Each structure stands twice: as C-alpha cells, then as structure tokens.
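Letters A, B, ... mirror the listed sequences (proteins, then strands); counts begin at 1. Excluded from the calculations below are hydrogen atoms, water molecules and symmetry mates; all remaining heavy atoms, backbone and side chain alike, are included. Everything quoted here is computed from the prediction, not taken from an experiment.
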Amino acid sequence: MSRYNFKDSEAKWQAAWEQAACARVTEDPGRPKYYVLEMYPYPSGRIHMGHVRNYTIGDVIARYKRARGFNVLHPMGWDAFGLPAENAAIEKGVHPAAWTYDNIAVMRAQLKSMGLSIDWDREVATCHPEYYRHQQKMFQDFLDAGLVYRKESWVNWDPVDHTVLANEQVIDGCGWRSGAPVERRKLAQWFFRITRFSDELLAALDELERWPDKVRTMQRKWIGRSQGARLFFRLQGAPAGWSGEAEERLQVFTTRPDTLFGASFCALSPHHPLTTALAESDPKLTAFVADCDRIGTSEEAIETAEKRGYRTGILAEHPFRPGETLPVYVANFVLMDYGTGAIFGCPGHDQRDLDFARKYDLPVVPVVLPPEAEAAGFAIADEAYTDWDGSLINSEFLDGLKVEAAIPAAIARLEAAGDGQGEVQYRLRDWGVSRQRYWGCPIPVVHCQDCGVVKVPEAELPVRLPEDVSFDQPGNPLAHHPSWKTVACPNCGKPAERDTDTMDTFVDSSWYFARFCSPRAETAMDRSAVDYWMPVDQYIGGIEHAVLHLLYARFFTRALQACGYLSVEEPFAGLFTQGMICHETYADETGQWLSPEQVKTDEDGKVVTLEGGPVTLGRVEKMSKSKKNTVDPEAIIDAHGADAARWFMLSDSPPERDMEWTDAGIDGASRFCQRAWRIVSEIAGQGVAAGAPLPSAFGAEAMALRRRTHKGIQAVTADIERFHFNGAVARLYELINALAGFKAKDEGDRWAAREAAEAFTRLVGPMTPHLAEALWQVLGHQGLLAESAWPDADPALTIDEEVTVAVQVNGKLRATIALPRDAEKQQAEDAALAEPAVQRALEARNPRKVIVVPNRVVNVVV
RNA sequence: GCGGGUGUGGCGGAACUGGUAGACGCGCCAGACUCAAAAUCUGGUGGCCGCAAGGCCGUGGGGGUUCAAGUCCCUCCACCCGCACCA
C-alpha cells in the first residue's frame with residue numbers, strides 16, 4: 001500500500017477546486033445564504049499559527065454549510081493600512097505600498113496552501129484607492145449627517161508613534177502599540193459621533209444571542225450607562241465669568257440624588273474650568289494641580305494614591321436647605337472626562353467620599369438606613385454603606401422612602417425648583433479618528449481661510465496618497481510633502497490646504513465585511529447584494545477585538561444604515577472568539593530565549609540545545625516573537641501538509657480555549673491522515689462499486705457497523721453545529737478505528753464497510769479537505785467531494801435495539817445489564833435484582849424502593 | 001476593588017436537560033512483524049488492596065440538596081482574563 005503523498009494531492013485538489021470555482025458565489029434568492037467571515041489579517045509579512053487556527057475554523061464552517069445546501073459567502077481581504085508599513089519604510093527604506101503589496105503576495109500564497117475554500121475574486125485591500133475612495137465618501141456622508149464633527153480637544157498623544165490615539169487604544173496610560181506613556185495635547189481632531197448610538201448599541205447587545213457573554217459584558221461596561229441627575233449649585237465667592245457662560249452655577253452629576261442631604265462637600269477636578277480660573281490667582285492651587293498631574297493615571301498610582309484635596313474657600317449652596325453651604329475643594333480623584341468634572345461628596349454612602357471626609361474632618365451623616373439597622377445610634381465607621389437596600393433618614397421630605405422611590409422624588413423636587421434634572425451619563429466617548437500618519441486613508445476635506453472646512457468634490461475622489469514621500473524626519477510625511485496639501489478651495493478657488501491627517505485604521509475594518517458583498521461595485525456597496533448577504537452569519541476572530549473593532553463596526557453599520565447604504569443594524573449575527581496558540585518556551589544557560597528550532601530532545605528525552613547544551617524549560621505561553629516560541633506555519637505545511645496542520649488545530653483543545661502546539665500533536669495528525677488513507681483505500685479495493693444497490697440482508701456485524709456509521713454521522717453533525725470540533729475529531733477516530741478492525745466476510749459486510757468509508761470521507765471533508773477529496777476519488781466517485789451533499793443519518797440506525805443499563809445499589813454501581821430498548825420498568829427491576837452482584841450488595845435486606853430511569857439506570861435503595 | 005472564566009489520569013481533553021466519570025488523542029508498558037530500526041498491527045494503561053473473583057477511594061478543599069452530583073446550592077482556595085478613583 002502506497003503512502004499518501006500529501007504534497008501532490010494538496011496541489012492537485014487545490015487546482016481542481018480552483019478549476020471548478022467551488023467557492024465562487026453570486027446572490028441567489030432561491031437559496032438560503034450563509035456568510036462566514038474570519039477577521040481579515042494585517043499583512044505583516046507571513047501568516048502565523050493564529051491565522052491557521054482562525055482560518056481553519058472558518059473553512060470548516062464554510063465547507064460544512066456548503067455541503068448542507070447553503071449559498072456560502074467566504075471571502076478574504078487585507079487590513080493593509082497601518083504603522084508597521086511606515087516603520088519598515090523608515091528602517092529598510094522600502095515604500096509602505098511596496099512593502100504591503102509584497103507581504104500580501106506572500107501571505108495570499110500561504111493562505112492558498114492551506115486549501116481554504118475562499119472566493120478569491122472578492123479579495124480587497126484597504127490601502128487600495130478603489131477601497132478607500134468609498135470610505136472617503138462615507139466620511140463626507142457622515143459629515144452631512146452630523147455623524148462626523150471636528151473639535152479642538154485634548155487628545156492622547158503617543159510620543160513614540162507621533163500620533164493621536166483613541167481612548168480605546170490607551171492601555172494603562174500607555175499607547176497600545178508603542179507602550180509609551182501617553183501625553184496630553186490639544187489638537188483639532190475629527191470625531192465620529194458614536195455616542196449618538198449609545199443606547200442602541202447597549203440595548204442591541206441583549207439581542208446578540210450568538211455572541212459570547214464575555215464580549216457582550218465587556219461592551220456593556222465600556223458603554224457604561226448610568227442613570228442619575230445633574231444638579232446646579234449656586235456658588236459664593238467664585239470669580240465672575242469663570243464658566244465663560246451666562247450660567248455660573250456649578251454643575252454636578254450624581255447617580256444618587258437621594259443622598260443629597262448627606263452631602264458635606266463639593267469637589268472639582270484639577271482640570272475643571274473653575275479650578276483653572278481660580279489657579280490664575282492662586283499659586284498654591286497651581287502647584288496642587290501640577291502635583292495631581294504628576295501622579296498620573298498608571299494603575300499602581302491610582303491604587304495607592306490617597307485622596308487629596310485643596311480647599312478653595314468657595315461655598316456651594318445646598319439646593320434643599322436654604323442657608324446651608326458646602327465647602328468646595330479641588331480633589332485629585334475627580335475625573336474631568338466623566339460627568340461634569342465635579343461632584344458632591346456624600347461620605348456616608350460613597351467610599352471615596354468617606355476617605356476624603358475622614359482626612360479633612362468633614363461631617364459624615366448617614367442618610368440611608370440598612371434594612372436591619374436601628375435608626376437611633378446608626379453611624380458610619382470605616383465603611384460607607386453603598387447598597388441600595390434601605391430607607392432614607394435625616395432627609396426631611398425623603399425620610400422613610402426606599403432608595404428606589406427617593407431617587408425620583410429628589411429629582412422631581414430639583415426639577416420643580418430649577419436646581420437640576422434627571423440625566424443619563426455614558427462612559428463611552430466619541431471616537432477620535434484623526435491620525436498624523438502617512439499610510440492611512442486621507443481625510444477628504446480642504447481647509448480654506450475663508451470657507452472653513454470644505455468637502456473635496458465627489459468627482460475628485462479618491463483623494464490619493466502621494467507616492468513620493470520621505471520618512472527621514474519624524475511626524476507626518478503628508479504634512480512635510482512639498483506640494484500635496486496645497487490645493488485650490490473647491491468653494492471659492494483661493495489657495496487652501498488639504499487635511500493632512502489620515503483615518504484611524506479601525507475605520508477601514510469597520511465596513512470591509514459589507515464591501516465583500518459587492519467588492520467591485522462602483523458604489524461602496526450594491527444595495528441588493530449587501531441586503532442579500534448581510535449580516536455576517538458567523539464571524540470568527542480573537543478576543544482582543546472584543547471592544548475596539550467589534551464596537552466600531554457595530555457603530556459604523558448603524559451609521560451606514562442612517563446614510564442609506566444598507567438595511568441591517570448589526571453587522572455580526574454570530575460571533576465566535578477563538579483561543580490563542582501557545583508553545584513551550586526554552587532558554588539557554590544565559591537566560592536567552594531559544595526558538596523550537598534551536599533545541600532538540602536527546603536519547604533520554606531531555607531537551608537540549610542542538611549542540612547538546614543545557615536548556616531551561618519555561619512555561620507554556622502564547623506564541624510571540626519576543627519569547628521566540630513561534631512555529632512557522634509554512635514549515636509545518638511543507639513537512640506535514642495542510643490537512644495535518646488543520647486536523648491538529650481542530651483536535652483536542654476546544655476552539656474557544658488556548659491550545660498548545662506540540663511536535664507530538666502534529667505527528668499524531670500526520671499519522672491519522674496516513675491511516676485514513678490506508679484503511680479507506682483498502683476498502684475501496686474490495687470490489688463493491690460506488691452506488692452499489694443495498695444488499696438484501698446484513699449479518700449482525702454488518703448491522704453493528706452500519707449503526708456506528710449512522711450514529712457517527714449524527715454525532716459529527718451535531719458537534720460541528722456546536723463548534724465542538726474536538727468532539728467531531730474524536731467521533732471520526734472512532735469511526736476509522738471501527739473500520740480498521742472490521743473484517744468483511746460476505747457481500748453485506750463489504751457493502752457496510754464501503755458505506756462506513758464513504759460516510760467517514762464525507763464527514764472528514766470540512767476538516768481535511770484534500771485528503772477527503774483523494775479518498776472520494778479512490779472510492780470511485782467522479783465529481784468533487786467539495787460539491788457533494790452532507791450525508792444524512794438514517795434514524796432507524798441511530799437507535800440501538802438493546803441498551804446497557806447501569807444497576808446501582810444505594811447509588812453505587814454494582815453491575816450493568818443488557819435490556820431491550822424501552823423495556824418495561826418491571827422487567828428492568830427484575831433483571832437488576834437477579835444480578836448476583838446486586839444480591840451480594842443487598843446482604844439479604846429487602847429493597848425499600850427501586851428507581852428505574854428507562855434505558856439508563858436502575859437504582860435499588862435499601 | 002468590581003466583573004467574567006477555569007480547576008477532571010503522566011498530558012490535551014470527553015461526559016446533551018443530574019443517571020455506568022475518564023470518550024478520543026498523546027505518552028507509557030507488553031506482545032507481533034523485522035538481522036535491526038522505522039513504519040504498521042494486537043493488547044493493556046485513574047489510584048490503592050488482592051493470585052483471582054472482587055473490594056475501597058477518586059472530578060481544587062469543606063459543607064449541603066437528592067434514590068443518584070464533575071453537573072444544582074452555600075463556602076473557601078488557586079490560577080487566568082477584562083475593567084478600574086465612572087460620582
């Protein structure tokens with residue numbers, strides 16, 4: 001028996017699928033559609049194992065759904081703008097475009113070698129003018145719809161990458177890419193008004209039933225809706241004109257207006273306009289603010305920083321108690337970006353306020369009485385009572401009300417007196433998209449001295465990136481370019497300047513899934529195509545995009561809908577987040593990391609360097625270049641084949657969990673492919689032709705095999721549907737093992753063996769498509785397996801006539817008995833009691849009770 | 001601190017709505033084939049006691065509900081992830 005030659009086979013079948021255009025699709029209203037999408041890759045240079053896992057999972061779904069009769073859209077593209085291309089330009093002197101397109105060519109070939117059933121006719125790259133011209137049009141449409149605006153604002157400035165970051169891109173006060181501490185700068189920036197959809201984005205999460213709870217929870221918290229009230233405090237002693245507006249009262253947001261009678265101070269953020277106004281004539285306050293800034297926002301600083309305040313001498317009048325005032329402090333724990341940048345402090349019911357009050361010796365008056373506590377003598381010690389469970393005390397007209405009732409009562413009183421109003425606050429901020437970079441989508445506007453911001457006329461789109469740029473000075477090459485930015489104002493014709501910023505690359509990835517529906521359309525999307533294909537039925541990718549990309553894409557889809565581009569509100573009906581690929585780490589005696597190719601296992605099973613030197617085994621960690629524990633997919637596919645790589649990716653570890661890449665694992669997968677080839681080939685040679693008629697009779701062993709076959713079909717189908725690929729793999733091992741041990745003695749046996757082999761081949765098809773195609777041919781079929789239907793299980797053969805029932809005495813297993821399926825309870829009980837092991841365990845006692853669960857268990861209780 | 005997750009053999013992991021714990025794979029042990037090796041095939045493999053039949057223990061620890069718990073409830077521990085002075 002010849003070995004399976006994966007190299008020839010994989011090349012042959014990839015060409016055959018290409019020839020037959022198996023994965024090419026068009027809209028077909030007569031068939032149910034299914035849109036499977038894996039997150040598109042950044043063309044960094046070569047594919048990595050994370051890509052292999054991601055695209056294997058997606059391809060299994062695509063091939064399976066196709067076999068089930070769906071019209072399957074499964075496209076691929078490139079997230080092609082971004083910083084690494086510019087870094088390559090700086091380091092290697094290669095143009096970002098050349099670098100990117102070269103990488104795409106390499107990675108496309110690598111992905112094709114995996115045998116993915118992708119409609120490559122739909123490929124897009126976001127750096128292509130034919131892609132970004134539509135994005136520029138969207139930007140202008142959003143501008144007209146009020147979904148894009150320009151604002152002078154404090155931004156997060158990454159001093160290493162020389163660019164602005166969105167709030168979502170700042171992690172622990174550092175840039176998400178560079179890791180450098182972020183600085184604050186004031187710049188005119190373009191913003192997407194994501195907050196217009198705050199409530200919709202939040203509410204719709206409840207409907208996204210096929211999304212992981214974890215992702216939905218993270219988005220909910222990110223949007224951070226809180227309901228409360230805005231209060232207005234009249235001030236005594238504030239400098240005139242501090243707010244720059246007619247209204248000079250201090251605005252404060254609270255979720256607990258019910259606790260207002262417990263207020264003992266107000267506090268301003270160090271960046272509050274009133275603070276700034278006061279600091280002008282108060283050097284001590286200026287010093288205090290500088291001090292607060294120094295402590296910064298790093299995670300440790302926050303945890304250990306004590307509550308500090310500066311007493312301004314200003315007094316705030318209590319809205320409910322005429323004549324009573326609260327001292328106004330500037331405090332280091334009050335954030336300018338949330339609420340109004342000012343608070344009132346109620347020490348009895350907020351821990352931070354309590355810490356602050358204790359430090360500055362302010363009154364602590366409890367106003368909410370816990371359910372079991374006695375009003376007399378109730379006092380707050382070290383812990384504020386923050387629960388909502390309780391009723392109001394020391395609060396005049398609110399006394400006796402439950403918290404839930406006191407909140408609206410307090411708001412009603414504030415509104416009646418003009419001292420406040422009910423309000424909802426969000427943590428979510430508008431999305432700043434201006435980036436001071438070259439390799440991104442140019443913002444299609446012109447700045448004119450006379451006309452202000454003017455859209456570039458549609459006929460002139462796209463605004464193309466200039467090709468002749470230099471990277472020899474830091475900052476934005478577009479701003480440095482000698483001529484590119486200089487244009488005539490489209491409105492008045494006078495000299496004007498282009499916006500030299502480009503869009504955040506997350507904009508590119510916020511609509512690519514919609515472009516795939518009609519990738520060559522003259523408009524951004526052909527309405528009938530996008531309405532046919534969208535939403536994506538199954539989106540697959542890493543958990544790291546739980547907030548950023550997945551929230552932006554949800555916003556964008558709503559914005560596109562508002563501008564008449566498409567009909568859906570949510571882009572991704574189903575989301576699956578796969579785990580990461582991990583590998584053992586190795587270090588030499590100097591502590592330097594070693595790559596898996598730099599070590600070997602010696603005769604004693606010890607890991608040593610190639611020269612036999614000592615190696616320290618480290619933890620199993622996420623594959624990363626810094627730890628050197630990566631394995632190159634191309635080398636694996638070259639040595640073992642794409643099918644083996646795919647099979648190992650799907651084996652053992654559930655796809656949502658992290659998996660460990662091991663040599664033993666990929667060897668096992670190779671062995672499986674060879675074994676399947678050997679066993680199925682042997683059966684194919686037994687003389688029963690494809691499509692041979694059902695024999696008149698089967699022996700007991702043939703029937704047993706047929707049952708296993710049909711149960712296998714049922715189980716594998718269910719496992720794929722549930723994303724339990726490791727379970728499907730296990731069932732396929734069982735089926736091939738059953739087939740390996742089966743000795744055919746008559747025509748019925750041979751027919752049953754062929755039936756099993758065919759079922760196996762079809763079921764394994766989505767996972768190891770080349771091998772399956774080769775087996776299909778060996779089994780004598782003319783057409784492609786990739787174009788064949790999924791097998792159906794015969795219900796009559798998935799149910800056993802005889803079942804094994806567990807027999808317990810007092811819940812402890814004592815025997816198993818064979819019974820006809822759905823036997824009478826009495827029959828089961830009698831058979832159980834007849835078991836010698838049961839009698840022994842009973843020790844001559846009489847059963848008190850016998851519990852019979854049909855087809856499962858008999859429990860004898862004494 | 002808040003929110004979420006995970007914990008089962010030497011290892012990865014299975015067990016749908018509570019009903020034979022350890023499917024399947026890896027590894028290991030024994031055997032067959034072979035001059036030998038590789039490959040392949042057959043059998044075994046949770047722990048303890050026992051020649052065996054069989055028995056006892058066992059799903060992070062402790063407690064509970066139930067005829068029956070990996071699965072449900074309470075509590076504690078460990079690790080991982082996310083958010084974090086959000087008023």
What is the separation between atom [atom1] on [X] and atom [atom2] on [N], rounded to the nearest whole Å?
X        : N      : atom1 : atom2 : answer
A:Asp658 : B:rG7  : CG    : C1'   : 15 Å
A:Lys812 : B:rG54 : NZ    : P     : 16 Å
A:Asp667 : B:rC26 : CG    : C1'   : 10 Å
A:Arg657 : B:rC81 : CZ    : C1'   : 14 Å
A:Asn859 : B:rC67 : CG    : P     : 10 Å

**OP:** Just name whichever nucleotide pairs with B:rG12, Watson-Crick or G-U, keeping both distances under 3.5 Å, else none.
**Re:** B:rC24

Subject >> For B:rG43, the Watson-Crick or wobble counterpart (both distances under 3.5 Å) >> reply: B:rC29

Interatomic distance at [atom1], [N] relative to [M], whole Å:
N      : M      : atom1 : result
B:rG43 : B:rG64 : C1'   : 44 Å
B:rU17 : B:rC28 : C1'   : 38 Å
B:rG1  : B:rC73 : P     : 24 Å
B:rC51 : B:rC16 : C1'   : 43 Å
B:rG9  : B:rG5  : C1'   : 24 Å
B:rA38 : B:rU34 : P     : 15 Å
B:rG13 : B:rC77 : C1'   : 24 Å

Can you name the residues that form a salt bridge (charged side-chain N to carboxylate O under 4.0 Å, His left out) with [X], not counting sequence neighbours?
X        : result
A:Arg845 : A:Glu843
A:Glu701 : A:Lys745
A:Asp663 : none

[X] side chain, from C-beta outward: closest of [options]:
X        : options                : value
A:Arg722 : B:rU20, B:rA15, B:rC24 : B:rA15
A:Ser653 : B:rC24, B:rA21, B:rG12 : B:rG12
A:Asn737 : B:rC24, B:rC86, B:rU40 : B:rC24
A:Asp652 : B:rG12, B:rC24, B:rU20 : B:rG12
A:Ser226 : B:rC86, B:rA87, B:rG13 : B:rA87
A:Lys221 : B:rA87, B:rG3, B:rG19  : B:rG3
A:Asn726 : B:rU20, B:rA23, B:rA14 : B:rA14

Subject >> For A:Gln425 against A:Arg230, the heavy-atom pair lying closest together >> reply: NE2-NH2, 3.8 Å

**OP:** May I ask you to say what A:Val860 touches in the nucleic acid, namely base, sugar-phosphate or nothing, with a heavy-atom cut-off under 4.0 Å?
**Re:** nothing

**OP:** List in chain and number order the residues that pass side chain to side chain contact (heavy atoms under 4.5 Å, CB included) with A:Ala728, two or more places apart in sequence or in another chain; answer none if no residue qualifies.
**Re:** A:Val716, A:Asp719, A:Ile720, A:Met767

Original post:
So, A:Arg352 and A:Asp355, do they make that salt bridge, N to O below 4.0 Å?
Top reply: no

**OP:** Look at A:Arg427 together with A:Asp337 and state whether they make a salt bridge at an N to O cut-off of under 4.0 Å.
**Re:** no

Compare side-chain N and O positions of [X] against OP1 and OP2 of [N] and report whether any pair is under 4.0 Å apart.
X        : N      : answer
A:Arg678 : B:rA39 : no
A:Tyr733 : B:rG25 : no
A:Arg675 : B:rA39 : no
A:Arg220 : B:rG3  : no
A:Arg814 : B:rG54 : no

Subject >> Sub-4.0 Å heavy-atom contacts from residues 846-857 of chain A onto RNA chain B, ordered by number >> reply: A:Ile851, A:Val853, A:Arg856, A:Val857

Could you list the donor-acceptor pairs under 3.5 angstrom formed between side-chain atoms of residues 805-822 of chain A and any protein atom two or more places apart in sequence or on another chain?
{"unit_1": "A:Asn810", "atom_1": "OD1", "unit_2": "A:Val862", "atom_2": "N", "d": "3.1"}
{"unit_1": "A:Arg821", "atom_1": "NE", "unit_2": "A:Asp800", "atom_2": "O", "d": "2.7"}
{"unit_1": "A:Asp822", "atom_1": "OD1", "unit_2": "A:Asn855", "atom_2": "ND2", "d": "2.8"}

Subject >> A:Glu404 atom CD, over 12 foreign heavy atoms within 6.0 Å >> reply: yes

